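Working notes, beginning with the structure itself.
Letters A, B, ... mirror the listed sequences (proteins, then strands); counts begin at 1. Note that the structure is a prediction, hence the values are computed from the model and not measured.
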Amino acid sequence: MLNYVEKIADLIAPQVEGLEREEILDMIERPADSKMGDYAFPCFKLARVLRKAPPIIAKGIAEAIQDDPMFEQVQPVNAYVNMFISKEEFAREVVTEVVAKDEDYGKSEIGAGRPVVVEYSSPNIAKPFHIGHIRSTVIGASIAKIYDFLGFKVIRINHLGDYGTQFGKMIVAYRHWGNRQDVIDEPIKTLLSYYTKFHEEAEKDPSLEDEARATFTKLENGEPEETELWQWFRDESLKEFNRVYDMLDITYDSYAGESFYSDKMPRFIKELEEKGLMEDDEGVKLVRLDEYNLPPALITKSDGSTLYITRDIAASVYRKETYDFYKNIYVVASQQNLHFQQWIQILEMMGYEWARDCVHVPFGLVSLEDGTMSTREGRVVFLEDVLNGAVDKTREIILEKNPDADPEKVEEIAKAVGIGAVVFNELSNYRIKDYVFSWEHVLNFEGETGPYVQYTHARACSILRNAGDDIVAKAKAGFDPSYITSESAHALTKLLYAFPDVVLEAGEKYEPSIVTRHIVDIAQAFNKFYHDEHILTDNEDEKVAKVAMVLAAKAAIRNGLELLCMKAPEKM
RNA sequence: GGGGCACUAGCUCAACGGAUAGAGUAUCAGACUUCGAAUCUGCUGGUUCCGGGUUCGAGUCCCGGGUGCCUCGCCA
């Protein structure tokens with residue numbers, strides 16, 4: 001497909017001495033207001049170079065390039081050159097391309113099969129999977145899809161929080177107050193109650209803390225009794241998590257969590273010592289990072305057991321050795337910014353050049369209306385409940401509109417739309433923003449929401465069904481673009497054209513919300529097109545062209561939803 | 001106290017350093033015998049937290065201040 005910005009830069013470059021083509025390329029804009037053209041070139045910066053007033057420069061450039069067949073019109077407006085591209089040719093080119101590529105539209109080869117590791121979700125075993133966990137889970141899953149789409153080989157890792165002193169606490173609690181059957185019946189709830197109980201009791205009897213630390217040390221040393229209990233807790237917890245992953249349709253290539261690295265850490269502790277990076281402070285081993293303006297990073301505790309950062313060092317080296325990643329992405333809350341800064345700094349100090357290929361992708365905090373979530377205080381909203389709530393509401397809406405629908409179909413669509421609504425909502429805003437969870441907000445299905453976009457897709461499918469296979473086949477074979485040059489059609493075409501760039505940008509910025517916003521724009525533009533014009537007209541040539549447009553819009557929306565880990569039902 | 005992030009319409013949020021700061025939502029007024037009303041059209045809504053600076057031009061970049069959140073040696 002023709003790259004319009006590049007072409008425009010080629011045209012303008014010879015008109016402007018003293019500015020590189022690349023600089024000109026950067027200056028070309030896409031005006032928000034279509035009255036100012038499809039592309040615009042501001043001439044302010046040229047005033048100094050050319051020693052002329054910007055409007056005069058704009059006029060000169062406009063006159064020099066206006067005869068190119070790419071343009072319908074070029075007009076100088078004050079300091080701007082406003083360019084209107086030839087709508088017919090543009091529509092022919094873009095819609096043909098999107099229809100032809102269909103499910104592949106927006107894909108790219110720039111990844112060239114290079115491996116990219118994405119770590120996401122990574123919940124703590126034996127703790128409830130709450131609404132806060134949706135962030136890493138869904139943002140990470142979407143980033144993984146986007147990199148897949150861009151031609152990278154993606155390795156998805158769930159770095160389970162299945163290790164640490166907390167398991168010492170849980171084992172201690174289980175031994176003192178636990179019951180085997182309770183754990184089997186309701187693993188997360190029961191294990192959580194042990195954790196809570198432990199903290200209550202530890203306030204009265206601080207020696208429990210020491211017992212827990214000692215127990216974890218035994219676990220780390222591979223003592224059979226502790227290991228067996230831990231394994232059992234882990235298995236039961238994972239069963240519950242998988243229920244949520246199944247609902248979200250999220251998969252992993254590896255569940256190697258913190259425990260996986262338990263035997264891989266001594267090597268790095270030794271390495272840190274040998275490289276003279278480690279210091280001993282009353283039995284605690286740490287790396288000083290003063291010269292990088294960071295607080296010291298603790299590597300091992302005074303009892304010799306490891307800490308979070310030690311495991312992350314081991315994990316990253318393991319990933320480099322196992323996958324030889326081009327990029328190693330961590331989708332982890334912004335609360336851990338300091339931890340990741342320290343970790344990456346230590347990797348660099350150890351001399352690992354690939355440290356610069358590691359990226360922390362942070363995101364903001366989810367809180368509840370009555371404050372920060374606290375599993376210990378029971379102030380928590382379970383993700384599974386939110387997903388089920390959204391499915392329930394969707395089912396109600398479907399049955400209201402269509403009481404005689406096939407129950408099996410209803411269930412399938414209710415899941416696609418309800419869960420999609422929650423996912424879409426999560427991926428709507430910049431990930432760095434904090435937000436307060438609200439049932440009202442997540443169950444709103446009107447306006448800029450997942451159901452709105454899915455509805456638009458279903459509507460497009462419906463039109464295609466009504467058009468009939470014949471017309472659809474003709475539209476795929478070719479069409480007369482002069483029928484799809486109206487203002488609303490052109491606005492839609494421009495958005496379809498931008499889609500591949502949007503995917504690329506979302507990947508570069510690790511920001512799925514860019515895709516989310518763009519498919520909302522496409523849906524809005526499609527709905528406007530739909531209302532402004534009659535698609536299935538009596539004039540067959542016109543109908544074929546407009547059906548081609550519908551096919552293209554449908555493909556772009558579908559692909560966008562796919563990148564957000566959402567389904568695109570044909571009916572709803 | 002040190003470091004980081006955020007602050008834009010009543011609410012939730014957009015805006016490659018560019019033209020009159022835009023959507024959704026809420027309120028109100030309209031549009032289904034016509035391709036799907038989970039839709040669309042229209043009205044209302046702004047000291048972009050405050051103060052300086054940089055420049056042709058600042059919501060955007062720099063400095064200072066305010067407010068909120070996160071974080072700072074044995075949790076992850």
Taking only N/O atoms, report every protein-nucleotides 1-8 of chain B pair under 3.5 Å with atom names and distance.
from	atom 1	to	atom 2	distance (Å)
B/C7	OP1	A/K433	NZ	2.8

Discussion item. What is the separation between atom CD1 on A/I471 and atom P on B/C35, rounded to the nearest whole Å?
Written reply: 18 Å
Got a list of protein N/O to nucleotides 56-63 of chain B N/O distances below 3.5 Å?
from	atom 1	to	atom 2	distance (Å)
B/C56	OP1	A/R48	NH2	2.2

Review item, nucleotides 20-23 of chain B N/O atoms under 3.5 Å of protein N/O:
from	atom 1	to	atom 2	distance (Å)
B/A23	O2'	A/E448	OE2	2.5
B/A23	O2'	A/Q524	NE2	3.4

Practice prompt. Write out all pairs satisfying ring pair (Phe, Tyr, Trp, His ring centres under 6.0 Å) with one or both partners inside residues 430-450 of chain A, taking only residues at least two apart or from two chains.
Written response: A/F437-A/W439
Response to the item:
Rounded to whole Å, the CD1-C1' distance (A/I398 to B/G36) equals 14 Å
Discussion item. I'd like to know if A/E411 and A/K415 make a salt bridge, using a cut-off of under 4.0 Å between side-chain N and carboxylate O.
Written reply: no
Discussion item. Between B/C56 and B/G64, how many Å separate the two P atoms, rounded to a whole number?
Written reply: 25 Å
Item to complete: Determine the contact category for A/Y530: base if any of its heavy atoms lies under 4.0 Å from a base atom, sugar-phosphate if only primed atoms, P, OP1 or OP2 are that close, otherwise nothing.
Response: base
Fill in: Distance, rounded to the nearest Å, where A/N527 contributes CG and B/U41 contributes P
9 Å
Worksheet item: Does B/C32 sit syn or anti, given that only angles within 90° of 0 count as syn?
Response: syn
Atom pairs under 3.5 Å, N or O on each side, protein against nucleotides 73-76 of chain B: can you list them with distances?
from	atom 1	to	atom 2	distance (Å)
B/C74	O2	A/S302	N	2.9
B/C74	O2	A/S302	OG	3.1
B/C74	N3	A/S302	OG	3.0
B/A76	OP1	A/R311	NH2	2.9
B/A76	O3'	A/E258	OE1	2.9
B/A76	O3'	A/E258	OE2	2.2

Worksheet item: Is there a donor N/O on one and an acceptor N/O on the other, under 3.5 Å, for the side chain of A/N82 and the base of B/A19?
Response: yes
Worksheet item: Does A/K543 have any side-chain hydrogen bond (donor to acceptor under 3.5 Å, both in side chains) partners at least two apart in sequence or in another chain, and if so, which?
Response: none
Worksheet item: Is it true that the side chains of A/S513 and A/E511 contain a donor and an acceptor less than 3.5 Å apart?
Response: yes
Worksheet item: How would you label the contact of A/Q342 with the nucleic acid (heavy atoms, under 4.0 Å): base, sugar-phosphate, or nothing?
Response: nothing
Practice prompt. Rounded off to whole Å, could you give me the CD-to-C1' distance for the A/E446 and B/U27 pair?
Written response: 15 Å
Fill in: Nucleic acid contacts - residues 505-514 of chain A versus RNA chain B, non-hydrogen atoms under 4.0 Å
none
Discussion item. For a quick check under 3.5 Å, do A/E220 and A/T306 share a side-chain donor-acceptor pair by atom type?
Written reply: yes
Worksheet item: Under the side chain to side chain contact (heavy atoms under 4.5 Å, CB included) test, which residues partner A/M27, sequence neighbours left out?
Response: A/L19, A/F41, A/K45
Worksheet entry | Sequence-distant partners of A/F268, ring pair (Phe, Tyr, Trp, His ring centres under 6.0 Å), two or more places apart | none
Worksheet item: Who pairs with A/D162 by side-chain hydrogen bond (donor to acceptor under 3.5 Å, both in side chains), at least two apart in sequence or on another chain?
Response: A/R234, A/S259
Worksheet item: Would a line drawn from the ring center of A/Y163 to the ring center of A/F260 be shorter than 6.0 Å?
Response: no
Worksheet item: List RNA chain B stems (3 or more consecutive Watson-Crick/G-U pairs, under 3.5 Å)?
Response: B:1-7 with B:66-72, B:10-13 with B:22-25, B:28-31 with B:39-42, B:49-53 with B:61-65
Worksheet item: Whole Å only: how far is the CG atom of A/D290 from the P atom of B/C72?
Response: 17 Å
Worksheet item: Looking at A/W230 versus A/F233, is the centre-to-centre ring distance below 6.0 Å?
Response: no
Practice prompt. Could you check how far NE2 of A/H518 sits from C1' of B/C16, rounded to whole Å?
Written response: 15 Å
Worksheet item: Can you tell me how far C1' in B/A26 sits from the matching atom in B/C32, rounded to whole Å?
Response: 24 Å
Item to complete: Cation-pi check, A/R431 to A/Y510: give yes when NZ or CZ is under 6.0 Å from the six-membered ring centre and within 45° of the ring axis, no otherwise.
Response: no
Discussion item. Once you apply a heavy-atom cut-off of 4.0 Å, does A/A40 come out as touching a base, just sugar-phosphate, or nothing?
Written reply: base
Worksheet item: Contact class for A/A458 vs. all strands (heavy atom < 4.0 Å): base, sugar-phosphate, or nothing?
Response: base
Worksheet entry | Value in whole Å for how far the P atom of B/U12 lies from CZ of A/F445 | 21 Å
Item to complete: Check RNA chain B against residues 534-554 of chain A and give the residues with a non-hydrogen atom under 4.0 Å, in numerical order.
Response: A/H534, A/I535, A/L536
Worksheet item: In terms of side-chain heavy atoms, does A/Q336 have a donor or acceptor partner in A/Y308 at a distance below 3.5 Å?
Response: yes
Worksheet item: Mind checking whether A/Y497 and A/Y4 have ring centres under 6.0 Å apart?
Response: yes
